[in-house]
Number of protein chains: 2
Amino acid sequence: MKKKLTERQEKIFIFIQEYQQENGYPPTLREIGKKFDILSTFGVKRHLEALTKKGYLNILSNASRGISINKNESESLDLINYQEVNNISKIPIIGRVAAGSPITAEENVEGSIVIDPAFIKKDEDSFALKVKGDSMIEAGIFEGDLVIISPKAIVKNGDMIVARLEDEVTVKIYENKNSIVKLIPQNKNYQTIIVKNKNEFSIVGKVTGVVRWIN
Amino acid sequence: MKKKLTERQEKIFIFIQEYQQENGYPPTLREIGKKFDILSTFGVKRHLEALTKKGYLNILSNASRGISINKNESESLDLINYQEVNNISKIPIIGRVAAGSPITAEENVEGSIVIDPAFIKKDEDSFALKVKGDSMIEAGIFEGDLVIISPKAIVKNGDMIVARLEDEVTVKIYENKNSIVKLIPQNKNYQTIIVKNKNEFSIVGKVTGVVRWIN
DNA sequence: ATAAATAGTGCTCATTTGTTTACTTCAAAT
DNA sequence: ATTTGAAGTAAACAAATGAGCACTATTTAT
């Protein structure tokens, strides 16, 4: 379970996420400090330690930019991920997502799917979401399909992602031009969403697969 | 268009991708060197420069771990092709089908996918086909998708099936009214096929699943 | 055969970057 | 009133890391 962050910590956490998404690598202490007018690296470091203690980050000691974002916060999920049968990755399937709850919380797990490790490239944090709604039918994603999500993947413009807006989770095409983030559906009947309040928006992960079962 | 890589460059590029995927940040020159037994950082650096010049990477000068992966377009680097011997609901993937040969002949197998037995109802004869062509895009099946086929399933009108017509294998919607068999595509640009010579037609199986991998 | 591209070693150097200690400020809780 | 926790400054330090040069070896193409 994730512990609550202070306002400052949350802003820093969001910045790290955005930096990582835009650059493909995490920021340094000094880059974070510069952004938030913190003149001492020590001040930044303690923020990172707080975020680590609360389970949001992992930090590799003495490694530059050794920040990795922790998107699978609950320990129960780790148990699910470690159930590997003969080196085959078992991916948890997330069903309904209660408002405000972490997306990978145990109570949301509906089942699991087993994928050949040759297909899913060593991303043990992957999970699957059951799609509700038809906003992506033109991209060949239907209601009831499972989308496989890689939380650590680098998201680029045009990628299909799962985004969280306030307490809603949706599948859309991601576009970031001049810091204006757009979430583009693939259905003429839906409108593009322009993200205004970045605090209420986060990228859950990139869609790396689609699985559909008929009957 | 991306330029071709040397064997060495490709291995290094794949390693960088995997490292990024696993750790959330890119490797350092020395970490790459260690992996490939390159004792000098300069040797590694020139590989990165080559990869940059050929459009695979971007590098931020003087920044540690300042490597970002360029995912512009088609990366047909099939690092996914090896087979492992495990016996749990392993579904073979059929690639090209030689004219006249039985569709599940061993030489046609391109790989395999492992599916949770909870999903596939113990149909051990299931196999997967890689879709070529776009005749089913309106049913959410795109070129390159894998369709999972159950040869034993009972096929009803309206079901999606894989049919063999002479030496061609296609995915279509099946309809049989008054002994007139129609194969209906899901794409306005294609025409419904009416089967005349039933000797040259057979049902390979029913489509029970669709799997798509993005990137 | 000769030039060009590829691959690598060993070394030095400069910068980047994380670590640590000591001290300050402020607000909220006890 | 005192303690506690969050937030920050300044300075010195060590480790990590990229940059660069001179030189060698092998393969590939002209």
Side-chain angles (χ1 to χ4, degrees), chain A residues 1-20 22-70 199, chain B residues 1-20 22-70 77:
Chain A
M1 190 81 70
K2 269 185 183 174
K3 284 167 197 161
K4 216 182 161 188
L5 296 179
T6 67
E7 209 178 313
R8 195 74 165 152
Q9 287 166 357
E10 190 178 340
K11 278 181 185 167
I12 288 172
F13 180 59
I14 290 171
F15 171 70
I16 292 170
Q17 284 183 323
E18 286 180 354
Y19 187 105
Q20 166 77 64
E22 288 194 43
N23 301 286
Y25 42 82
T28 64
L29 297 188
R30 283 170 181 85
E31 282 168 341
I32 299 170
K34 200 175 177 185
K35 173 80 181 183
F36 292 96
D37 294 316
I38 301 171
L39 298 180
S40 170
T41 56
F42 184 58
V44 176
K45 198 180 176 241
R46 254 197 330 225
H47 279 304
L48 298 189
E49 281 165 358
L51 286 166
T52 303
K53 207 171 265 176
K54 291 181 181 178
Y56 287 75
L57 297 178
N58 278 325
I59 292 176
L60 188 68
S61 284
N62 289 314
S64 67
R65 301 178 194 267
I67 302 171
S68 59
I69 295 161
N70 233 346
N199 292 331
Chain B
M1 190 81 70
K2 279 176 184 170
K3 286 169 196 160
K4 213 181 164 188
L5 296 179
T6 67
E7 208 179 313
R8 195 75 165 151
Q9 288 166 357
E10 187 177 338
K11 277 181 185 167
I12 288 172
F13 180 59
I14 289 169
F15 170 71
I16 292 169
Q17 284 185 113
E18 286 180 355
Y19 187 105
Q20 166 77 64
E22 284 193 61
N23 301 286
Y25 42 83
T28 63
L29 297 187
R30 284 171 181 84
E31 283 168 340
I32 299 169
K34 201 175 175 186
K35 173 80 181 183
F36 292 95
D37 295 314
I38 301 171
L39 298 181
S40 171
T41 56
F42 185 58
V44 176
K45 199 181 174 242
R46 254 199 326 230
H47 277 120
L48 299 189
E49 281 165 358
L51 286 166
T52 303
K53 207 170 266 177
K54 292 181 180 178
Y56 288 75
L57 298 178
N58 278 326
I59 292 177
L60 189 67
S61 284
N62 287 313
S64 68
R65 300 178 194 268
I67 303 170
S68 58
I69 296 160
N70 243 344
L77 280 170

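Every chain is numbered from 1 and lettered A, B, ... according to where its sequence line falls, protein lines coming before strand lines.
B/Thr41 pairs in a side chain to side chain contact (heavy atoms under 4.5 Å, CB included) with only one of the listed residues (B/Thr28, B/Leu29, B/Ile32), which is B/Leu29.
What separates CG of B/Leu48 from P of C/dT6 is a distance of 14 Å, to the nearest Å. Remark: C1' of C/dA7 and NZ of B/Lys35 are 19 Å apart, rounded to the nearest angstrom. The interatomic distance linking A/Leu60 (CG) with C/dT17 (P) rounds to 15 Å, in whole Å. Taking atom CZ of residue A/Arg8 and atom C1' of nucleotide D/dG5, one finds them 16 Å apart after rounding to whole Å. A straight line from CD of B/Glu49 to P of C/dG8 spans 14 Å, rounded to a whole angstrom. If you take CG of A/Asp37 and P of D/dA7, they are 15 Å apart, rounded to a whole angstrom. Rounded to whole Å, the distance from CZ on A/Phe42 to P on D/dA6 is 13 Å. One interatomic measurement links the two molecules: CG of B/Leu29 to P of D/dA15, which rounds to 20 Å at whole-angstrom precision.
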Discussion item. For B/Gln20 and B/Tyr25: C-alpha separation, side-chain torsions, deciding distance, then whether side-chain hydrogen bond (donor to acceptor under 3.5 Å, both in side chains) applies.
Written reply: CA-CA 5 Å; B/Gln20 166 77 64; B/Tyr25 42 83; over 6 Å; no
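Among the nucleotides C/dC11, D/dT9, C/dT19, the one closest to any side-chain atom of B/Ser40 is C/dC11. The nucleotide whose nearest atom lies closest to any side-chain atom of B/Ala63 is, among C/dT17, D/dT17, C/dA7, C/dT17.
In this structure, A/Arg65 contributes its side chain and A/Pro27 its backbone to no donor-acceptor pair below 3.5 Å.
Under a 4.0 Å N-O distance rule, the pair A/Glu49/A/Lys45 qualifies as a salt bridge. Under the 4.0 Å criterion applied to side-chain N and carboxylate O atoms, B/Glu10 and B/Lys54 are not assigned as salt-bridge partners.
A close approach under 4.0 Å does not occur between any side-chain nitrogen or oxygen of A/Lys45 and OP1 or OP2 of C/dG18. OP1 or OP2 of D/dA7 has at least one side-chain nitrogen or oxygen of A/His47 nearer than 4.0 Å. For C/dT17, one of the phosphate oxygens OP1 or OP2 lies less than 4.0 angstrom from a side-chain nitrogen or oxygen of B/Ser64. Not one side-chain nitrogen or oxygen of A/Arg30 sits closer than 4.0 Å to the OP1 or OP2 atom of C/dT16. Applying the 4.0 Å criterion to OP1 and OP2 of C/dA7, one finds that B/Thr6 has a side-chain N or O inside that range.
Of the two residues near DNA chain C, B/Val44 and A/Gly66, the one whose nearest nucleotide lies more 5' is B/Val44.
Side-chain atoms of A/Arg46 come within donor-acceptor range of the base of D/dA7, with a qualifying N/O pair under 3.5 Å. For B/Thr41 against D/dT17, a side-chain-to-base donor-acceptor contact under 3.5 Å is absent.
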